[in-house]
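Quick note on labels: first sequence line is chain A, next is B, and so on, each numbered from 1.
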Number of protein chains: 2
Amino acid sequence: MATRRVTLRDVARRAGVHPSTASRALNPQTREMITEDIARRVARTARALGYQPNPIAYLLKTNRSRIIGVLIPDITNPVFPPIIRGIEDALGAAGYTAVLANTDNDEQRERVILENMIGRRVDGLIMATARRRDPLVQRCLAEEIPLVLINRTVASGEVSSVVNDDEFGMELAVAHMARCGHARIAHLAGPLDLSTGFTRHRGFIKAMKEVGLKADPRLIGLCSSFNETEGRRVFLGLRAGNRRFTAVVAANDLLAVGCYDALHELGLRAGREVAVTGFNDMPFVDKLRPPLTTVRIPHYQMGAQAARMLLARLRDPHAPIEHVTLRPELVVRDSTGRAPRTSSRSRGSA
Amino acid sequence: MATRRVTLRDVARRAGVHPSTASRALNPQTREMITEDIARRVARTARALGYQPNPIAYLLKTNRSRIIGVLIPDITNPVFPPIIRGIEDALGAAGYTAVLANTDNDEQRERVILENMIGRRVDGLIMATARRRDPLVQRCLAEEIPLVLINRTVASGEVSSVVNDDEFGMELAVAHMARCGHARIAHLAGPLDLSTGFTRHRGFIKAMKEVGLKADPRLIGLCSSFNETEGRRVFLGLRAGNRRFTAVVAANDLLAVGCYDALHELGLRAGREVAVTGFNDMPFVDKLRPPLTTVRIPHYQMGAQAARMLLARLRDPHAPIEHVTLRPELVVRDSTGRAPRTSSRSRGSA
DNA sequence: CTTTTTTATGCAATCGATTGCGCCACTCGG
DNA sequence: CCGAGTGGCGCAATCGATTGCATAAAAAAG
C-alpha cells in the first residue's frame with residue numbers, strides 16, 4: 001500500500017531540528033546559514049527516509065513551477081518532433097520540464113490551453129503557434145510571462161524569437177531552379193497571417209528578382225493552411241489557369257507533398273514534367289519517390305536555442321529581446337530533375 | 001502590470017461572506033448546503049471579479065491534479081500523433097489535461113520522467129512505453145496510480161491495456177502474401193521484449209501455419225528497435241544469407257521503410273522483385289513509391305479508448321482490469337505487387 | 001568578566017484553497 | 001411559550017513547503 005510520503009516535518013523531527021532548519025539545510029541557496037554539522041545530519045536523514053520535496057507546496061509558496069509550456073500548432077506535422085527534442089534537452093539540462101500541448105491550429109483551443117497553462121503557473125512559454133498579429137502573445141505580455149517564439153514570429157517583433165532565415169531559404173530554392181534552367185516558376189504560398197508563409201512569399205518574389213526573373217502573380221497560389229490537401233488543391237488550381245509553368249516552389253514540405261499527389265493524379269511526375277521544391281526537410285521526404293529537393297532548417301538547434309533564450313530570461317527578467325535567425329541549407333534531391341544528383345542524406349536532425 | 005490575481009478570500013469579502021461559504025457556494029458538490037440566495041450572490045461577484053480558482057492550492061489540499069501523464073517512447077514516430085490526439089480529446093471532454101513526455105526509448109529517462117510525474121501528482125498515467133516485463137509499471141502499481149497501457153502491454157496482464165490485435169493483423173498480412181502467390185516469406189521481427197514485437201512474431205508463425213506454409217527460422221530477422229536503420233540492416237542481413245525469399249512481412253512501417261532503403265541500394269523495387277508489407281499505416285506511407293501495403297491500426301480510437309478506461313478507473317478505483325484489443329484492417333497498396341490495386345486512401349485518422 | 005555583536009536556530013505567518021466541527025437562529029411540536 | 005431539532009454559516013485546522021523576524025548561545029570587544 002502506498003504509505004504516506006515523507007514530508008519535511010518528518011525529516012526535521014527525525015533529525016531533531018525544526019522544519020525551517022531542515023528546509024534551509026536542504027536548500028543549496030541557504031545551506032551556508034546552517035552549521036556544517038547539522039546540515040549534514042539533515043541531509044543524511046533526508047536521504048535515509050527517501051525524502052522527496054513536494055513540488056506542489058513549493059510552487060504554492062514560491063510561485064515557481066519549473067515548468068515550461070510548449071505550444072505546438074499541429075503535432076501531426078513531422079517538423080515538430082525534432083524541435084521538441086531540442087527544447088526538452090536544453091530545458092532538462094537546467095532542471096526544467098517541458099509540458100507539451102497541441103493546439104490543433106485552432107485559435108479557440110489555443111486560448112483554452114494558454115489559460116490552463118497560465119493557471120498552472122508555468123514559469124515560461126515557448127510558442128510555435130504565433131500568428132503575425134496574435135492576441136495570445138499580448139496576453140502573455142500582459143501577464144508578464146517569459147515567452148519565446150519559435151519557427152514563427154509576430155510582426156511587431158516585441159518578443160524574443162528564433163526563426164529560420166526564410167528569405168535566404170527562398171533564395172536558395174529559387175536560385176537552384178534558375179540554375180536548372182527554369183524561367184516560369186510558380187509559388188505555393190502558405191497562409192500570409194503566419195510569418196513563415198508571409199516571409200517565404202516575400203522571399204520568393206525578392207529571389208525571383210535577384211535571378212532576373214519576373215514573379216508572375218498569376219503563378220502564385222495561396223494556401224489557407226500548411227497541409228497536403230491544400231497543396232494539392234492549389235496546385236491543381238494553378239494548373240487549370242492558362243499560364244504554364246515548369247517549376248513550383250512550395251512554402252513547405254507538406255504543400256510539396258500535395259503537389260506530388262496532384263501530379264500523380266495527372267499522370268505526371270515531379271522532377272520530370274514539373275520541378276518541385278519543399279521547405280523544412282522534414283523526416284521522410286527523402287523517402288518519397290522522387291526524393292524531395294528542399295530547404296533544410298536546423299530544427300533541433302532551433303528548439304535548443306529557444307529553450308536557452310527562455311532560460312536566460314528566467315534568470316534575468318530584464319534580459320533584452322533577441323531575434324535569432326538560423327541559416328538553412330539547400331538539400332538537392334531528385335524532385336528538381338536534371339540537376340546532377342548530389343545528396344540524399346537520411347532524415348533530419350535526431 | 002500583472003495585478004495580483006483575485007483569490008477566494010477576495011470574492012468572499014466582496015460578497016460579505018466567509019471564505020468557506022464562498023468555497024461551498026462555488027463548488028457544485030456542496031452548493032446545496034448554501035442558501036440559494038447567497039450562492040447566487042457569491043457566483044455573481046466571482047464572475048464580476050474574474051475569479052479563477054488556483055489549481056495549485058486545490059491540488060495541495062485535495063491531492064487531485066486533474067492531470068494525466070502520457071509517456072511516449074519516441075515522439076518522432078508518426079504513429080503517436082493520432083494516438084495522442086485521441087487521448088487529448090477524450091481527456092479534455094472530462095476536464096482533464098494530458099501532459100506529454102517523450103522518453104526516447106531510454107529506460108533511464110523513462111524512470112526520471114515517471115518520478116517527476118509522480119512527484120507532480122498526476123492523477124493517472126497512460127504509458128505507450130511498456131516492455132513485456134517493466135519495472136516502471138510495478139512502480140505505478142506500488143504507488144497505486146491509475147494506469148492504462150496503450151499499444152504495448154506487459155506479459156503479466158496485471159494492468160488495463162488497449163492494444164491492437166497483432167496476431168490477427170499478421171494473419172491479414174500473411175494471408176495476403178499467400179494469395180499473391182508467395183511461398184517463401186520472410187519476417188522482420190521487432191524487439192521481443194516489447195509486446196508488439198513479440199506478438200507479431202508469434203502471429204507471423206501462426207499465420208504461416210494457417211495458410212499451410214512453413215515459417216523458416218532462417219527467414220526471420222530480429223530487429224533490436226523499430227526504426228528504418230534497423231530495418232535496412234536486418235533486411236540486408238537476410239538477403240546475404242543463402243535462403244531466398246520473395247516477400248517480407250515487417251513488424252512495423254518504419255522497418256518496412258528500411259526495406260525500401262535497402263532495396264533501393266540494391267537497385268530493386270518493392271512490389272516488383274520483393275513484396276513488402278508494413279504494420280501501422282502511419283502517416284505518409286501512402287506517399288512512398290510504391291505506396292506501402294500495410295495493416296491499419298485505429299490509432300485515434302486506441303488513444304480515446306485508453307483515456308476513457310483511465311477516466312473510469314479514476315471515478316472508481318476498484319474498476320476491474322480490462323484488456324481491450326482493437327481490430328486492424330489490411331490496406332492493400334502497391335508494395336505487394338500483382339494484387340489488383342484496390343485502395344490507397346490518404347493519411348490515417350486525424 | 002561584562003557588554004556588544006554575531007551567528008545559528010526556532011517561531012509563526014503565509015501561499016490559496018478545502019472541510020470537520022461547532023454555534024446560532026429559526027422552525028415546529030407539545 | 002418553551003425545548004428539541006435542524007439547517008446555514010463561520011471558525012480554524014490543514015495540505016507541505018518557505019521565509020522574515022525573534023531569540024538564545026557563542027564569539028568578539030572592551
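- Using a 4.5 Å heavy-atom cutoff, the side chains of A/Arg5 and B/Arg121 are in contact.
- Look at B/Tyr58 and you won't find any side-chain N or O under 4.0 angstrom from OP1 or OP2 of C/dT19.
- The side-chain heavy atoms of A/Asp123 and A/Ile68, taken from C-beta on, include a pair separated by under 4.5 Å.
- Using a 4.5 Å cut-off on side-chain heavy atoms (C-beta onward), B/Ile75 and B/Ile84 make contact.
- Helix bend of the helix from C/dC1-D/dG30 to C/dG30-D/dC1: the angle between its two end axes, each built from five pairs, comes to 60° after rounding to 10°.
- Between the CZ atom of A/Arg64 and the P atom of D/dT18 there is a distance of 10 Å, rounded to whole Å.
- With A/Ile126 as the fixed residue, the side-chain contact (heavy atoms from CB on, under 4.5 Å) test singles out one of A/Ile72, A/Leu310, A/Asn151, A/Leu147: A/Leu310.
- Among the heavy atoms of the strands lying under 4.0 Å from A/Pro53 are primed sugar atoms or P, OP1, OP2 only; no base atom is included.
- For the side-chain contact (heavy atoms from CB on, under 4.5 Å) with A/Thr129, the lone residue among A/Val137, A/Leu136, A/Thr103, A/Ile113 that qualifies is A/Thr103.
- Nucleotide D/dA17 holds its C1' atom 12 Å from the CZ atom of B/Arg121, rounded to whole Å.
- The shortest distance between side-chain heavy atoms of A/Thr7 and A/Asn54 does not fall below 4.5 Å.
- One interatomic measurement links the two molecules: CG of B/Leu60 to P of D/dT18, which rounds to 12 Å at whole-angstrom precision.
- Between A/Leu8 atom CG and C/dT14 atom P there is a gap of 20 Å when expressed in whole angstrom units.
- Considering only side-chain atoms of A/Tyr51, the nucleotide from D/dA17, C/dA17, D/dT19 that sits closest is D/dA17.
- Looking at B/Ser65, its side chain does come within 3.5 Å of a backbone N or O of B/Ile67 through a donor-acceptor pair.
- The shortest side-chain heavy-atom distance between B/Arg139 and B/Arg111 does not fall under the 4.5 Å cut-off.
- Closest approach to the A/Thr62 side chain among D/dT18, D/dA17, C/dT18 is made by D/dT18 (side chain taken as heavy atoms from C-beta onward).
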N/O contacts under 3.5 Å, protein versus nucleotides 22-27 of chain D?
none

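- Listed by residue number, the members of residues 18-38 of chain A with any heavy atom below 4.0 angstrom from DNA chain C are A/His18, A/Ser20, A/Thr21, A/Arg24, A/Met33, A/Ile34, A/Thr35, A/Ile38.
- Rounded to whole Å, the distance from CZ on A/Arg9 to C1' on D/dT18 is 13 Å.
- Between A/Asp74 and B/Arg85 a salt bridge is recorded (basic side-chain N to carboxylate O distance below 4.0 Å).
- At whole-Å resolution of the value, CD1 in A/Ile56 and P in D/dA17 are 11 Å apart.
- Side chain of B/Asn27 to backbone of B/Arg24: no donor-acceptor contact under 3.5 angstrom is found.
- Between the side chain of A/Arg132 and the main chain of A/Ala155, no donor-acceptor pair closer than 3.5 Å is present.
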